[in-house]
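So the structure is just underneath, and the comments pick up after that.
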Amino acid sequence: MSTQTKRPKRDLRPALVFLTGDLLAVPIPLEREEVIIGRALEADVRVNDTRISRRHARITAVTDENTGETAYLLEDLGSSNGTLLNGEKISEETLHNGDKIALGEHILRFELLDEIDREYQHQIRRLLAHDDLTGLLSSRSFFSELRREASRAKQSDLPFCVLMMDIDHFKNVNDTYGHLTGSKTIEEIGMCIMSILRNGDAASRFGGEEFAAFLLEAEMNQAMVAAERIRKTIERQPFSVIRQGRPSGIHHITMSIGVASFPQDSEDPIELVEMADSALYKAKRLGRNKVCAYRDLTDEELSRPLPPRES
């Protein structure tokens, strides 16, 4: 007669996982007894969605004194557009594993995750949010973070700056040394950028040979100093030449950078990126390997349409 071994109890912890939107696949642990979901900066789970109220819904942990079991209660906080649970509008309901919550344009799933589940969700999010080659943010994640930073900066009356960066004559690297060297160069440039930025600043690979960054609580003069430091670092850095899958020498390359400032140049995050891009084009026109600020562009330069991207 065999005896059945009792399985150890799994360490299940509650979380919300975004199924749509900028925070796709992000698991949000529900570690507090009360969690507010909404558009307000002070919300515990902040969702950038105009159809979501500032304080839209609340999840409360309720523990039974007799059994010690914890239930999670979802409550609508009088939101303008309502809270849906599994497709039905609710005022207050108990959540169960796998339930889907719809708020505005966003859908979240309530899950009880063990340690393996939590690590899996973390890895999925990392793959979706970051560029495989450089480890920097993807362009989509960068815009998501930038919008959040713009909202925070408006609320707190703090400045920040956006940098747009493009490798000069990158096509020559691929043509001369091959695409393996080109990929290695992009990877090493990502490392150079991250070594210069401070904790809290964000950098992204936009695709191809273009990069972007925003610098928290930075005035234009501080951003210009940081941009010039990046430019000089790239200019002096020996980049690897790869042949037959192995390092076999070095080459050099330069980078052009454009800078725009919040709130002086614009308070709109997308417009800031476009402004920094315009300044980047001026740096290219001036001979490349330069840093230019949007505010220094002339009226004639501002009226010119942006040409097709050229390294």
Side-chain angles (χ1 to χ4, degrees), residues 7-130 137-138 140-141 144-145 147-149 151-152 155-156 199-200 202:
R7 294 181 179 178
K9 190 174 182 180
R10 294 164 67 200
D11 178 23
L12 296 176
R13 299 182 189 178
L16 294 175
V17 178
F18 279 82
L19 302 183
T20 60
D22 292 337
L23 298 174
L24 178 67
V26 173
I28 308 294
L30 299 176
E31 296 173 338
R32 301 180 182 180
E33 289 186 4
E34 180 179 288
V35 172
I36 301 294
I37 309 170
R39 203 176 73 251
L41 284 175
E42 62 271 17
D44 300 300
V45 180
R46 184 170 181 271
V47 188
N48 189 19
D49 183 337
T50 56
R51 296 192 66 239
I52 291 179
S53 300
R54 291 179 57 79
R55 288 169 54 90
H56 194 104
R58 173 170 52 212
I59 296 177
T60 307
V62 181
T63 302
D64 189 301
E65 293 182 358
N66 297 319
T67 64
E69 296 291 329
T70 301
Y72 295 89
L73 195 67
L74 173 66
E75 176 188 1
D76 182 79
L77 297 178
S79 65
S80 300
N81 295 306
T83 299
L84 275 65
L85 181 64
N86 299 323
E88 295 186 6
K89 187 173 286 190
I90 58 101
S91 56
E92 185 177 283
E93 288 289 340
T94 299
L95 290 169
H96 298 92
N97 194 23
D99 279 350
K100 295 178 181 64
I101 304 165
L103 312 168
E105 301 294 334
H106 288 71
I107 300 175
L108 303 86
R109 185 169 59 216
F110 176 76
E111 293 191 4
L112 296 172
L113 304 176
D114 63 17
E115 185 177 353
I116 295 174
D117 292 330
R118 292 192 293 272
E119 179 59 24
Y120 171 74
Q121 290 288 356
H122 174 76
Q123 292 297 333
I124 290 294
R125 173 57 185 167
R126 188 187 66 79
L127 290 171
L128 289 173
H130 293 81
L137 291 174
S138 65
R140 174 175 176 159
S141 295
S144 175
E145 294 295 328
R147 281 192 289 266
R148 273 197 288 276
E149 175 54 25
S151 296
R152 187 185 77 90
Q155 191 86 359
S156 306
N199 288 336

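What you see is a predicted model, and the numbers here were worked out from it, not measured in a lab.
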Step by step, would you call Leu103 with Thr83 a side-chain contact (heavy atoms from CB on, under 4.5 Å)? CA-CA 6 Å; Leu103 312 168; Thr83 299; 3.6 Å; yes
Could you walk me through whether Ile59 and Ile37 pass the side-chain contact (heavy atoms from CB on, under 4.5 Å) check? CA-CA 8 Å; Ile59 296 177; Ile37 309 170; 4.1 Å; yes
Report the C-alpha distance between Val17 and Leu108 in whole Å, list the side-chain angles of each, state the deciding distance to 0.1 Å, and finish with yes or no for side-chain contact (heavy atoms from CB on, under 4.5 Å). CA-CA 5 Å; Val17 178; Leu108 303 86; over 6 Å; no
When you look at Leu19 and Lys100, which way does the side-chain contact (heavy atoms from CB on, under 4.5 Å) test go after all the steps? CA-CA 9 Å; Leu19 302 183; Lys100 295 178 181 64; 4.3 Å; yes
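Taking both residues in full, the closest heavy atoms of Gly68 and Thr63 are given as O-CG2, 3.8 Å, listed atom of the first, atom of the second, then distance. Summarising the geometry of Ser80 relative to Ser53, their closest heavy-atom pair is N-OG, 3.0 Å, with the distance given to 0.1 Å. The two residues Leu77 and Ile36 make their nearest non-hydrogen contact at CD1-CD1, 4.0 Å. The two atoms that bring Asp49 and His106 nearest to each other are OD2-ND1, 2.9 Å, heavy atoms only. Considering every non-hydrogen atom in both Asp76 and Gly82, the closest pair reads OD1-C, 3.7 Å. Scanning both residues, Arg51 and Asn81, for their nearest heavy atoms gives O-ND2, 2.8 Å.
Residue pairs meeting the ring pair (Phe, Tyr, Trp, His ring centres under 6.0 Å) criterion with at least one member in residues 65-90, sequence neighbours excluded: Tyr72-Phe110. Under the ring pair (Phe, Tyr, Trp, His ring centres under 6.0 Å) criterion, no residue pair touches residues 77-105, with sequence neighbours excluded.
With Asn97 contributing its side chain and Leu112 its backbone, the two residues share a donor-acceptor pair below 3.5 Å.
Taking the salt bridge (charged side-chain N to carboxylate O under 4.0 Å, His left out) definition, one finds that Glu33 meets it with nothing, sequence neighbours left out.
Looking only at atom types and distance, the side chain of Ser138 has a donor-acceptor partner in the side chain of Ser141 under 3.5 Å away. Under 3.5 Å, the side chains of Ser151 and Arg39 contain no donor-acceptor pair of N or O atoms.
To the nearest 0.5 Å, atom CD of residue Glu149 and atom OG of residue Ser156 are 8.5 Å apart. Atom CG of Leu137 and atom CD of Glu145 lie 6.0 Å apart (nearest 0.5 Å). Put simply, OG1 on Thr70 and CZ on Arg13 are 13.0 Å apart, with the number rounded to the nearest 0.5 Å. To the nearest 0.5 Å, the span separating OG1 on Thr60 from CD on Glu75 amounts to 6.0 Å.
Ion pairing between a basic and an acidic side chain is recognised when a charged N comes within 4.0 Å of a carboxylate O; Arg32 and Asp44 show such pairing.
Counting only heavy atoms from C-beta outward, the side chains of Ile101 and Ile107 never approach each other to under 4.5 Å.
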